[in-house]
Colleague: 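Below: one structure in structure tokens.
What you see is a predicted model, and the numbers here were worked out from it, not measured in a lab.
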Number of protein chains: 2
Amino acid sequence: MLNRSAARRHHDPEDVITATIRDVAAAAGVSPATVSRAFGRPEKVDESTRRRIVEAAERLGYQPNRAAQSLTTGRTGNIGIMVPDLANPFFTSVLKGAQHQANRLGHPVLLADTEEDPSAELRFSRALAQQVDGLVLCGSLMSDDEVLQISRLRPLVLVNRQVPKLPAITVDNAGGARQAVTHLRALGHRRIGYVAGPPGSYSNAERYQAVSEHAEGAGLECVPVGHFEPSFEGGRGAADQVLLAGVSAVVVYNDVMALGLVNQLVAYGVAVPAEISVVGFDDIPIAAMFTPALTTVRIPREQAGGAAVAHLHALLTGGRPVPPPDLTTELVVRGTTARSR
Amino acid sequence: MLNRSAARRHHDPEDVITATIRDVAAAAGVSPATVSRAFGRPEKVDESTRRRIVEAAERLGYQPNRAAQSLTTGRTGNIGIMVPDLANPFFTSVLKGAQHQANRLGHPVLLADTEEDPSAELRFSRALAQQVDGLVLCGSLMSDDEVLQISRLRPLVLVNRQVPKLPAITVDNAGGARQAVTHLRALGHRRIGYVAGPPGSYSNAERYQAVSEHAEGAGLECVPVGHFEPSFEGGRGAADQVLLAGVSAVVVYNDVMALGLVNQLVAYGVAVPAEISVVGFDDIPIAAMFTPALTTVRIPREQAGGAAVAHLHALLTGGRPVPPPDLTTELVVRGTTARSR
DNA sequence: CTGTTAGCGCTTTCAT
DNA sequence: ATGAAAGCGCTAACAG
């Protein structure tokens, strides 16, 4: 006999009839407890009865009710992922990797787009915390304190951001910066610029510092250029200052900006890479589509998302796994860099 | 007295202690039922006691347990959104719009990326159905029958796809096609091509049909060109056939392809738009970033996502709202179209 | 307007 | 190896 659930009685009379654990128990001639065990701890159930139960469950189309499970176990099996902007290809890549891994691990994903609003971030975290076992926070803009606060609600893994004591998936920005600088040095550039993204950005700071260190360590001059919005328009806006800086090459905070910069430079009639070489960061898909195609430091975005989820999963099931090391970058040389004249 | 929940006892001893409805009831000197009402149907509770309850709840940091709510009501308050590919900017735009609207309406969002796999689509729908009150299916690749099957599990709204009897948010592809053709006609083109996307695509079929109808209705010749992958590479691959078709202008299934086509044409030394005009569909952000910038038919992607969620919400709360009309398109004239020579 | 009561479906002691 | 029973936190009749 199939149930008439609360849902059925009160709200959704045409809801599909769902078998409960009792229906299965009755059909298999066992108690509900045994059915529960048959799925949750199969080893504690006699193989033959287990088979009988599974068969009955299948016949009835039984699916455990997740709300009931959550209520009794206190776990939901879900994970939450928060990103600052779904329109940003960087974050959607991370999301895609995370989603993929979550899927493999059997965790449904609750998504939140904070639209770059730190206060929304706090609200969402609180709201999500209730229905997830853990959280992945991408490029969070909250203060360290706020993040810490959230981390007391649920286990959490950061991506592209660090907060003392909290697990984080990070990228070897310093290594990437070194790769970019070495490349430019090999091409004979002696004075390079770093076109900066938003002042508050963690990765921007890392990249700038590493570029300038490596440049100076190698006897190059390194000129900081502005802070700009991390957008195509922001990159275009940087063109004037790049020209003023008197450099033969620049490393740009990210690809979107680098593309905007190249676009504006070309519009000015400045030859890229003949007059100025440009290196981006990220290797977003469109970097390869432009003409000239962008030389850039690839960062493994999907991998980062996947690693974050994998680590969270480990946190949730095991104990305190070692956090994975920095993800390594790779220099992709394309058409926006050339020998210095 | 705060509770020691199942979660606390069995799985997560350091979980934050959470107040239950009984704690609030005790603190406010009322019964749990009254607390429940105070939040769910405030009008059925005396204003002064309601205030007392709210105050107590705040003091205790009470948040209703969603699992328990779901279990009793049969509703989760969540909605599910399924997209074929998170790496595709078209779908992330729809997702962003959907997410935004869901947020306004107070629905947490469960996300699934099917990675273009119809069977995954079916699996996900089934899995999600359990934890959501309704679903938004974007560009679903399932068969009509399968979609219908899912729709029996939960209310659902389609985006960019139609299945008889099911609510769908669609775009006025015919109108967009007409805008493109009219534009090309005004520029003096007499023989135009339509570069087709995947054979199975619903919107591709609509667009092709409308382009050819309007072209012929206006006395233009319309040449179908191939079927290609709806990707940058696919568009590049179309270049040869476009050249062979002997047309002075083409309408392309979508922007990504159009951009690829232009890229290859330019690589061949074919002048765009001087020799061939190109019109895309979608107006994805990068369309404006390329040089020359792409002339395209804008389709309101975020709006579509938002409308889908709004409609689903109406379905969930009200009765049978009228489905919104086709979303209108807009021709964005940029640099890839010019007068026919 | 408010309290009492009875579950929602599941998991988990505790017996057997 | 299995069953009986209790209870997770909440809502919704039903009384009063």
Side-chain angles (χ1 to χ4, degrees), chain A residues 1-12 15 17-26 28-53 57 60-77 130-131, chain B residues 1-12 15 17-26 28-53 57 60-77 130-131:
Chain A
M1 167 69 54
L2 299 185
N3 79 323
R4 355 160 195 68
S5 69
R8 192 163 164 61
R9 271 188 289 119
H10 306 308
H11 305 286
D12 211 344
D15 206 353
I17 287 151
T18 305
T20 74
I21 202 169
R22 284 149 92 132
D23 300 321
V24 177
V30 297
S31 78
T34 305
V35 177
S36 175
R37 286 190 201 98
F39 290 105
R41 319 72 185 252
E43 74 281 4
K44 316 213 78 177
V45 167
D46 191 80
E47 179 55 20
S48 71
T49 62
R50 198 192 63 80
R51 256 204 291 277
R52 204 151 27 94
I53 289 168
L60 299 178
Y62 169 71
Q63 301 225 183
N65 178 316
R66 312 245 327 177
Q69 280 182 316
S70 301
L71 186 57
T72 48
T73 63
R75 275 176 284 106
T76 63
Q130 256 192 92
Q131 338 192 37
Chain B
M1 164 70 54
L2 298 187
N3 80 321
R4 353 160 198 66
S5 70
R8 193 163 163 61
R9 269 189 291 118
H10 304 309
H11 305 285
D12 211 342
D15 206 353
I17 287 151
T18 306
T20 75
I21 202 169
R22 284 149 93 133
D23 300 321
V24 178
V30 297
S31 78
T34 304
V35 176
S36 177
R37 286 189 202 101
F39 291 104
R41 324 39 213 256
E43 74 280 6
K44 317 211 78 177
V45 167
D46 191 80
E47 178 56 19
S48 72
T49 63
R50 199 193 63 79
R51 254 204 293 276
R52 204 150 27 95
I53 290 168
L60 299 178
Y62 168 72
Q63 301 226 181
N65 178 317
R66 312 248 325 179
Q69 280 181 316
S70 302
L71 186 56
T72 47
T73 62
R75 276 175 284 107
T76 63
Q130 255 191 93
Q131 342 192 35

Colleague: List in chain and number order the residues that pass side chain to side chain contact (heavy atoms under 4.5 Å, CB included) with B/Arg22, two or more places apart in sequence or in another chain; answer none if no residue qualifies.
Modeller: B/Thr20, B/Pro32
Colleague: Report the distance from atom OG1 of B/Thr72 to atom CZ of B/Arg75, rounding to the nearest 0.5 Å.
Modeller: 8.5 Å
Colleague: Expressed as a whole number of angstroms, how long is the span from A/Ile21:CD1 to D/dT2:C1'?
Modeller: 14 Å
Colleague: Just call it for B/Glu43: base, sugar-phosphate, or nothing, with non-hydrogen atoms closer than 4.0 Å on any strand.
Modeller: sugar-phosphate
Colleague: Whole angstrom is fine here: how far is it from CD in A/Gln63 over to C1' in C/dC10?
Modeller: 15 Å
Colleague: Compare every heavy atom of A/Asp46 with every heavy atom of A/Ser48, then report the nearest pair and how far apart it is.
Modeller: OG-OD2, 2.7 Å
Colleague: Taking only the side-chain heavy atoms of B/Val45 (C-beta and beyond), determine which of C/dT2, C/dC10, C/dG3 contains the nearest atom.
Modeller: C/dT2
Colleague: Below 4.0 angstrom, which residues in residues 32-42 of chain B have at least one non-hydrogen atom near DNA chain C?
Modeller: B/Ala33, B/Thr34, B/Arg37
Colleague: For B/Asp46 and C/dC1, give me the distance from atom CG to atom C1', rounded to whole Å.
Modeller: 7 Å
Colleague: Could you tell me which non-hydrogen atom of B/Tyr62 sits nearest to which non-hydrogen atom of B/Ile21, and how far apart they are?
Modeller: CE1-N, 3.5 Å
Colleague: Side chains of residues 33-44 of chain A: which donor-acceptor partners sit under 3.5 Å, not counting sequence neighbours?
Modeller:
residue, atom, partner, partner atom, Å
A/Thr34, OG1, A/Ser31, OG, 3.3

Colleague: From the options D/dC10, C/dT4, C/dC10, select the nucleotide whose nearest atom is closest to the side chain of A/Tyr62.
Modeller: C/dC10
Colleague: Quickly work out the A/Arg66 CZ to D/dC8 C1' distance and round it to whole Å.
Modeller: 17 Å
Colleague: Has B/Thr49 got a side-chain N or O lying under 4.0 Å from the OP1 or OP2 atom of C/dT2?
Modeller: yes
Colleague: Please state how far atom CZ in B/Arg75 lies from atom P in D/dT11, giving the value in whole angstrom units.
Modeller: 10 Å
Colleague: Tell me the closest heavy-atom pair linking B/Leu71 and A/Ala67, and the distance in Å.
Modeller: N-CB, 3.9 Å
Colleague: Round to a whole Å and report the spacing from NZ of B/Lys44 to C1' of D/dA13.
Modeller: 11 Å
Colleague: Identify, between B/Ala68 and B/Arg50, the residue whose nearest nucleotide on DNA chain C lies closer to the 5' end.
Modeller: B/Arg50
Colleague: Only counting residues at least two apart or in another chain, list the ones meeting side chain to side chain contact (heavy atoms under 4.5 Å, CB included) with A/Arg52.
Modeller: A/Val30, A/Thr49
Colleague: Atom CZ in B/Arg66, atom CD in A/Gln130: separation rounded to 0.5 Å?
Modeller: 6.5 Å
Colleague: Who passes side chain to side chain contact (heavy atoms under 4.5 Å, CB included) against B/Glu47, sequence neighbours left out?
Modeller: B/Arg50, B/Arg51
Colleague: Could you check how far CZ of B/Arg22 sits from C1' of D/dG9, rounded to whole Å?
Modeller: 8 Å
Colleague: By nearest atom, which of the nucleotides C/dC8, D/dG3, C/dC10 is closest to the A/Gln69 side chain?
Modeller: C/dC10
Colleague: Taking any heavy-atom pair under 4.0 Å as a contact, classify A/Ser70: base, sugar-phosphate, or nothing.
Modeller: nothing
Colleague: Expressed as a whole number of angstroms, how long is the span from A/Asn65:CG to D/dG9:P?
Modeller: 17 Å
Colleague: Go through D/dA4, C/dG7, D/dA12 for me and flag the one nearest to the A/Ser31 side chain.
Modeller: D/dA4
Colleague: Please report how far the helix from C/dC1-D/dG16 to C/dT16-D/dA1 bends, comparing the axis fitted to its first five pairs with the axis fitted to its last five, to the nearest 10 degrees.
Modeller: 30°
